[in-house]
Amino acid sequence: MSSAKPRLRFAPSPTGYLHIGGVRTALFNWLWARKTGGTFILRIEDTDQERSTPENEQIILRDLSWLGLNWDEGPDVGGPNGPYRQMERLALYHSFADKLIEKGGAYRCYCTKEELDAQREAVKAKDPKGQFRYPGTCRDRKPPYPERPYVVRLKAPSSGTITYNDLVFGEVSTPNNTQQDWVLIRNDGVPLYNFGCVIDDITMGITLVARGRDHMINTPIQLILYEALGYTPPQFAHLPMMLAPDGTKLSKRHGAVAVGEYREKGLTPDGLLSYLVRFGWSFGDEEIFTKQSLVEKFDWERCSKSDGKFDFKKLAAVAFEHLKRDDLTSAKDYVDGAEKFLTKKGFANIDRNKIEEAMPMIRERAQTFIEAADALDYFFREPPTMDEKAVKKQLTADKAAHLATFRQLMANAPSFKAKELEAIVLEWLAKEGLTLKDVAQAARVAVTGRAASPGLFEVMEVLGRDICLARLDRGIEICKGSAQA
RNA sequence: GGUCCCAUCGUCUAGCGGUUAGGACAUCGGCCUCUCACGCCGGUAACGCGGGUUCGAUUCCCGCUGGGAUCGCCA
């Protein structure tokens with residue numbers, strides 16, 4: 001390899017949301033570019049005009065940005081090798097196609113779709129398992145008169161073998177006799193994947209192509225094109241597939257597959273990336289990473305070849321770890337995230353200090369910011385939403401007396417610190433021959449509206465005396481039946 | 001079916017000829033405890049099969065089996 005800096009690209013087609021499998025691919029390319037001081041390019045492969053939309057392109061850019069996988073050249077930032085949308089590069093493809101035709105590496109094919117469909121069916125009729133291969137009808141045919149629309153076909157070699165050295169799979173060979181004269185450019189002038197991809201990789205100076213293993217079948221064809229065009233191909237690194245838990249292709253019916261869904265659930269970018277990077281790469285037993293640590297540690301040698309199955313529970317655990325640890329999510333980022341998700345729930349004028357005070361107890365029980373916002377709910381809602389089942393079970397008539405005493409102790413406590421409140425209550429309980437169990441649950445429901453919460457006294461300290469007394473009063477009323485939950 | 005690729009606990013994986021086959025998630029016990037979590041301790045659980053090579057194979061080679069990808073004027 002030359003000493004030139006690596007140039008890598010992520011080339012999604014804007015035919016849908018950004019898929020987590022696509023993120024994994026983007027991540028590996030990005031990592032190598034960042035590790036080597038190379039260039040990471042974002043190219044939009046929008047030649048499928050049926051399904052590509054500008055909205056999808058925007059979603060892809062937004063989600064990639066959210067993940068922090070920034071690009072040096074791309075449709076929005078431009079760059080010296082633009083444009084970065086294939087539909088804006090049509091003239092380029094045509095000029096390469098013309099050159100290739102001149103060199104005898106490709107030819108114009110005037111067969112109609114109907115003719116080919118008929119041939120395809122004929123093959124099927126003779127042998128249901130047989131596969132149709134274009135017979136090269138137009139290889140040496142003169143253009144018809146009058147001229148009609150044509151496709152450009154590759155003049156594929158029928159003998160020999162294509163071999164390349166894959167960075168993760170090693171040496172891969174494919175016999176050419178399985179190739180055929182693939183269509184390079186459709187009759188509407190729009191290139192097909194293999195052609196557009198190769199021309200772009202050539203003209204954008206791509207030195208290494210890392211992509212999913214599902215593309216491995218395309219590599220020999222692309223290599224044939226490089227050869228025919230007279231260019232040195234880039235290196236290839238194919239990545240094992242990310243499959244659904246049932247071993248089939250990961251799709252919507254298996255759960256969340258769009259990056260946006262994870263952002264909306266409140267995972268952190270690095271949390272998601274930490275999980276995704278382990279599909280096809282590992283660094284000993286480590287599984288919690290930051291982008292920075294990945295840039296340092298990543299290399300192709302540590303890539304694996306076997307496909308992996310997605311495990312949503314494991315992702316949740318990894319994401320949780322990222323949210324829990326303050327060296328991975330700073331206090332400020334945590335408060336920012338919690339505030340954002342509280343806002344989404346409809347809260348306004350949120351007291352960030354209160355979030356910060358409650359944060360330590362929320363952190364160890366919220367796996368996502370959505371859960372954090374939920375756990376924070378009763379700190380900001382007045383009165384708190386009362387869980388019906390919890391009320392029914394705990395705020396019963398027989399609890400009224402104890403709760404009233406509890407309330408008085410809270411009212412008279414010299415300070416409102418968790419430790420002191422607990423000491424006061426414990427002292428009273430000891431005198432009465434009771435335990436915390438006898439009052440804590442009812443008090444918890446009164447104060448938080450829920451059957452489960454962080455430590456009662458910690459919660460009360462953050463809530464403050466006034467709010468706690470008001471909530472306890474209401475709880476006592478409910479016990480007596482003089483108030484509804 | 002053709003072509004390409006893969007193969008360690010249920011899952012992600014460590015392992016790069018000699019290990020009591022390790023970790024994490026999940027799962028099952030237990031501890032902690034005002035609930036829920038967190039945390040801690042412990043258990044169950046894997047080298048697909050058959051041949052080679054070797055003093056010795058999870059590790060190297062071959063075959064089988066199993067799985068996946070792909071066979072479009074989609075990408």
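Chain A is the first sequence line, chain B the second, and so forth, proteins listed ahead of strands; every chain is numbered from 1.
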Sugar-phosphate only, base, or nothing, as touched by A:Gly455 at under 4.0 Å among non-hydrogen atoms: base

Sugar-phosphate only, base, or nothing, as touched by A:Arg120 at under 4.0 Å among non-hydrogen atoms: sugar-phosphate

Side chain A:Asp307 and base B:G68 donor-acceptor under 3.5 Å: no

Closest nucleotide among B:G68, B:A24, B:C5 to the A:Met241 side chain: B:G68

Polar side-chain contact A:Lys314-B:A24 base: donor and acceptor under 3.5 Å: yes

Complement of B:A46, any strand, by Watson-Crick or G-U distances under 3.5 angstrom: none

Base-pairing assignment for B:C16 (Watson-Crick or G-U wobble, both under 3.5 Å): none

Shortest side-chain distance from A:Ala440, nucleotide among B:C34, B:C38, B:G1: B:C34

Watson-Crick/G-U partner (both atom distances under 3.5 Å) of B:G39: B:C31

From B:G23, B:G72, B:U3, nucleotide with atom closest to A:Ile217 side chain: B:U3

Sugar-phosphate only, base, or nothing, as touched by A:Arg51 at under 4.0 Å among non-hydrogen atoms: base

Base paired to B:C25 (Watson-Crick or G-U; both N/O distances under 3.5 angstrom): B:G10

Pairing of A:Asp311 and A:Lys313 as salt bridge, 4.0 angstrom limit: no

Nucleotide paired to B:U3 in any strand shown, Watson-Crick or G-U, under 3.5 Å: B:A69

Selected nucleotide, minimal atom distance to A:Lys113 side chain, candidates B:A69, B:C73, B:A14: B:C73

Nearest-angstrom distance, P atom, B:U44 to B:C16: 25 Å

Sugar-phosphate, base or nothing in reach of A:Lys309, heavy atoms under 4.0 Å: sugar-phosphate

Candidates B:C6, B:G23, B:U35 - which lies nearest the side chain of A:Lys305: B:C6

N-O pairing of A:Arg85 and A:Glu57 below 4.0 Å: yes

Length of the line joining A:Gln131:CD and B:G72:P, which is rounded to integer Å: 7 Å

Set of residues satisfying salt bridge (Lys or Arg N to Asp or Glu O under 4.0 Å) with respect to A:Glu371, sequence neighbours excluded: none

A:Phe289: which of A:Phe298, A:Phe283, A:Tyr275 passes side chain to side chain contact (heavy atoms under 4.5 Å, CB included): A:Phe283

Nearest-nucleotide pick for A:Arg213, side chain only, options being B:C73, B:G22, B:A69: B:A69

Nucleotide B:G23, atom P - distance to CZ of A:Arg278 in whole Å: 14 Å

A:Tyr134 six-ring face occupied by A:Arg153 cation (under 6.0 Å, within 45°): yes

Sugar-phosphate, base or nothing in reach of A:Gly280, heavy atoms under 4.0 Å: sugar-phosphate

Any N/O donor-acceptor pair, A:Arg365 side-chain to B:C38 base, under 3.5 Å: no

Rounded distance (Å) that lies between atom P of B:U27 and atom NZ of A:Lys313: 5 Å

Sugar-phosphate, base or nothing in reach of A:Pro175, heavy atoms under 4.0 Å: sugar-phosphate

Nearest to side-chain heavy atoms of A:Asp311, which nucleotide of B:C34, B:C5, B:G10: B:G10

Carboxylate-amine/guanidinium proximity below 4.0 Å for A:Glu321 and A:Lys324: yes

